[in-house]
Amino acid sequence: MTGHHNQELRARAAAVDAALTATYPAATCELSYRSPYELLVATILSAQCTDVRVNMVTPALFARFPDATALAGADRAELEELIRSTGFFRNKATSLLGMAQVVVERHGGQIPADMDALTALPGVGRKTANVVLGTAWGLATGVVVDTHVSRLSQRLGLTRERNAEKIERDLMALFPPSSWIDLSHRLILHGRRVCQARKPACDRCSLAAICPRIGV
DNA sequence: ATCCCGAGGG
DNA sequence: CCCTCTGGAT
């Protein structure tokens, strides 16, 4: 599978990486957190919710439940009320309680720093695990494929897949591991600021010259 | 009406 | 593969 098409894709990937790096030299996670525990909780809450909204509820949440041990013993109704405005609050409360209980039972109350242990936690999939491993520990285990990364990867012609794990495999094959963490943050930032789902601002997009405008 | 840093279940 | 879960913003 190293034909002409593959070379073209790699060249496209390198151009995307260069343009994003020039546009967002210091892109980083915009969820507020002070520890791996807080980042994991914030990331679980970020499903189908803006990070601005997540950052509105986490100060009170972390004050009330400062670590996994405290969260494991939380009253469900109180927890649901604290996170209600982030949406999917029943599912998220179930995930947070289950996650915290497993962290206490199997990891001594500390958030584990490896992919298998993280994805074994209730409510934690590859996207969330990649965020925590990459942002909290600088471990390049993969590319964070959320709604923005999915959309931009398709529009930029980096993948034709729809499934998040298949998209991640394509991106991992196209970009060097050393670029995965920053690339994730930059794609997400560009998706929020410029390449929005409904009305992409192609007129002020720094990637317009290399974008095939798939789906636009 | 559509989208937001998804995951679990059928 | 599909569906469901949810509130808030646009």
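Letters go in sequence order (proteins before strands), and every chain restarts at 1.
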What's the gap between [N] and [M] when it is taken at their [atom1] atoms, as a whole Å value?
{"N": "B/dG9", "M": "C/dG7", "atom1": "C1'", "result": "23 Å"}
{"N": "C/dT6", "M": "B/dG10", "atom1": "P", "result": "16 Å"}
{"N": "C/dC3", "M": "B/dC5", "atom1": "P", "result": "24 Å"}

### Task
Describe the nucleic acid contact of A/S95 in one word from base, sugar-phosphate, nothing, applying a heavy-atom distance below 4.0 Å.
nothing
### Task
Indicate, with a heavy-atom threshold strictly under 4.0 Å, whether A/V149 touches base, sugar-phosphate, or nothing.
nothing
For [X], what residues pass the salt bridge (charged side-chain N to carboxylate O under 4.0 Å, His left out) criterion, not counting sequence neighbours?
{"X": "A/R34", "answer": "A/E38"}
{"X": "A/E161", "answer": "none"}
{"X": "A/R169", "answer": "none"}
{"X": "A/R192", "answer": "A/E30, A/D51"}

### Task
Check A/K92 against A/I83 and note the closest heavy-atom contact, atom names and distance.
CB-CD1, 3.8 Å
### Nearest atoms (heavy-atom pairs only) where A/R12 meets A/P212
NH1-CD, 3.3 Å
### Message
Any residue in residues 14-34 of chain A with a heavy atom nearer than 4.0 angstrom to DNA chain B? Just list them by number, or reply none.
### Response
A/C29, A/E30
### Query
Does anything in residues 62-82 of chain A reach DNA chain B, meaning a heavy atom under 4.0 Å, and if so which residues?
none
### Task
Consider only side-chain N and O atoms of A/R76 and A/T94, and report whether a donor and an acceptor are under 3.5 Å apart.
yes
### Query
If you measure only the distance, is there a donor-acceptor pair under 3.5 Å linking the side chains of A/R126 and A/T119?
no
### Query
How close or far is atom P of C/dG7 from atom CG of A/L45, stated in whole angstroms?
15 Å
### Task
Starting from C1' on C/dA9, measure out to CD on A/Q196 and report it in whole angstrom.
13 Å
### Message
Once salt bridge (Lys or Arg N to Asp or Glu O under 4.0 Å) is applied, what residue pairs with a partner in residues 128-139 of chain A remain, sequence neighbours excluded?
### Response
none
### Query
Any donor-acceptor pair under 3.5 Å between the side chain of A/R198 and the base of C/dT10?
yes
### Message
Does C/dA9 have its OP1 or OP2 closer than 4.0 Å to a side-chain nitrogen or oxygen of A/R53?
### Response
yes
### Task
Hey, which sits more toward the 5' end of DNA chain B by its nearest nucleotide, A/T147 or A/L121?
A/T147
Distance-only donor-acceptor hits, side chain of residues 199-209 of chain A, under 3.5 Å, sequence neighbours excluded:
unit_1, atom_1, unit_2, atom_2, d
A/R204, NH2, A/R193, O, 3.3
A/S206, OG, A/T23, OG1, 2.7

#### Entry: Counterpart residues, side-chain contact (heavy atoms from CB on, under 4.5 Å), relative to A/L71 (two or more places apart)
A/Y37, A/V41, A/F65, A/A74, A/L79, A/L96, A/M99, A/A100
### Query
So does A/Q110 have more than 12 non-hydrogen atoms from other groups sitting under 6.0 Å from CD?
no
### Message
What range of DNA chain B does chain A touch, first nucleotide to last, counting atoms under 4.0 Å from its heavy atoms?
### Response
B/dT2 to B/dG8
For nucleotides 1-5 of chain C, give me every protein contact, N/O to N/O, under 3.5 Å, one pair per line with atom names.
unit_1, atom_1, unit_2, atom_2, d
C/dC5, O2, A/N91, ND2, 3.0

### Message
Going by ring pair (Phe, Tyr, Trp, His ring centres under 6.0 Å), name the pairs with one or both residues in residues 165-195 of chain A, residues two or more places apart or in two chains.
### Response
A/Y24-A/H190
### Query
So do the side chains of A/N130 and A/S184 get within less than 4.5 Å of each other, counting heavy atoms only?
no
